[in-house]
Amino acid sequence: MLYPQRTNLLIMFLLLGIFILFPASSGAAPIAKVSQFQGEVLIVSGDQLTMVTSVGQPINDGDSVQTKNGEAQITFNDGALMTIRPYTSTVIHEAEEEKGWFLFKAKDLVRRITCQVGNLWFKSGASARKNYLQSPTAVCGLRGSISEFGYNNVMTFIR
């Protein structure tokens, strides 16, 4: 009868030791940073709203960048640039996406920038990452080029 209690106590201390030695990470590394800004720019990360107050502010995967009467230039880790124009809301995702079927599966590094409203300028970086500019009504794949992209609640435009 004493052995089951000792075993349970030993397992409890072992698990406690694992949680102390290997704490959970606080989050992934930022995927981009604010390199320039003027006016009112906000970053929405989960349920946290942060006003941009200095250059170098990090942007993580899944963050939304919103401009009111201002602009923001975002520099990604691979050198890609994005300028978010006034009165624009955009969401930035970077992930490794799987494509193909069965034995022919492959993984691609993908960046998806969703323009919910407004417009933005984007220049792709030096990496092999695939860039997709998307809106509620369209998707545009961008490979090694520069584009102006936007959505005005009625239609998507690209230049």
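When a residue number appears, it is its place in the shown sequence, counting from 1. Model, not experiment: these values are computed from the prediction.
Remark: Gln38 pairs with no residue by the side-chain hydrogen bond (donor to acceptor under 3.5 Å, both in side chains) rule, at least two apart or across chains. For the side-chain hydrogen bond (donor to acceptor under 3.5 Å, both in side chains) test, residues two or more places apart in sequence or in another chain that qualify with Thr156 are Ser135, Thr137. Taking Asn77 as the reference, nothing meets the side-chain contact (heavy atoms from CB on, under 4.5 Å) condition, with sequence neighbours excluded. The side-chain hydrogen bond (donor to acceptor under 3.5 Å, both in side chains) test applied to Ser89 returns Gln116, not counting sequence neighbours. Thr114 is linked by a side-chain hydrogen bond (donor to acceptor under 3.5 Å, both in side chains) to Gln134, counting only residues two or more places apart in sequence or in another chain.
In this structure, Gln36 CD and Gln73 CD are separated by 4.5 Å, a value rounded to the nearest 0.5 Å. The line from OG1 of Thr90 to CE of Met82 is 5.0 Å long, rounded to the nearest 0.5 Å.
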CA sep, side-chain torsions, deciding dist, call: Val34, Val65, side chain to side chain contact (heavy atoms under 4.5 Å, CB included): CA-CA 10 Å; Val34 176; Val65 181; over 6 Å; no
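Here Tyr151 sits alone; no ILVMFWY side chain lies under 4.5 Å from its own, so it joins no hydrophobic cluster. The hydrophobic cluster containing Trp121, built from Ile/Leu/Val/Met/Phe/Trp/Tyr side-chain heavy atoms closer than 4.5 Å, also comprises Leu81, Ile146.
Tyr132 and Leu109 are not part of a single hydrophobic cluster, where members link through side-chain heavy atoms under 4.5 Å apart.
Side-chain contact between Val41 and Ile84 is absent, with no heavy-atom pair separated by less than 4.5 Å. Looking at heavy atoms from C-beta onward, Phe76 lies in side-chain contact with Ile113 at the 4.5 angstrom threshold. Side-chain contact between Thr67 and Thr88 is present, with heavy atoms from C-beta onward closer than 4.5 Å.
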With a cut-off of 3.5 Å and sequence neighbours excluded, list every side-chain donor-acceptor pair involving residues 98-107.
{"residue": "Lys99", "atom": "NZ", "partner": "Asp108", "partner atom": "OD2", "Å": "3.4"}

Show which side-chain atoms of residues 50-61 pair as donor or acceptor with protein atoms under 3.5 Å away, not counting sequence neighbours.
{"residue": "Gln57", "atom": "OE1", "partner": "Thr53", "partner atom": "N", "Å": "3.4"}
{"residue": "Asp61", "atom": "OD1", "partner": "Glu94", "partner atom": "N", "Å": "2.7"}

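Ionic pairing of Glu97 and Arg112 is present here: one or more N-O contacts between side-chain nitrogen and carboxylate oxygen are shorter than 4.0 angstrom.
Contacts classified as salt bridge (charged side-chain N to carboxylate O under 4.0 Å, His left out) and involving residues 39-49 (residues at least two apart or in different chains) are given here: Glu40-Lys68. Applying the salt bridge (charged side-chain N to carboxylate O under 4.0 Å, His left out) definition to pairs two or more places apart or across chains, those involving residues 70-82 are Glu71-Arg85, Asp78-Arg111.
Nearest heavy-atom pair, Phe149 versus Cys140, reported as atom, atom and distance to 0.1 Å: CE1-CB, 4.1 Å. The minimum heavy-atom distance linking Ala80 with Phe122 is given by the pair CB-CZ, 4.1 Å. Scanning all heavy atoms of the two residues, the minimum distance from Ala32 to Ile74 falls at CB-CG2, 3.6 Å. In terms of heavy-atom proximity, Leu120 sits nearest to Cys115 at CD2-CB, 4.0 Å.
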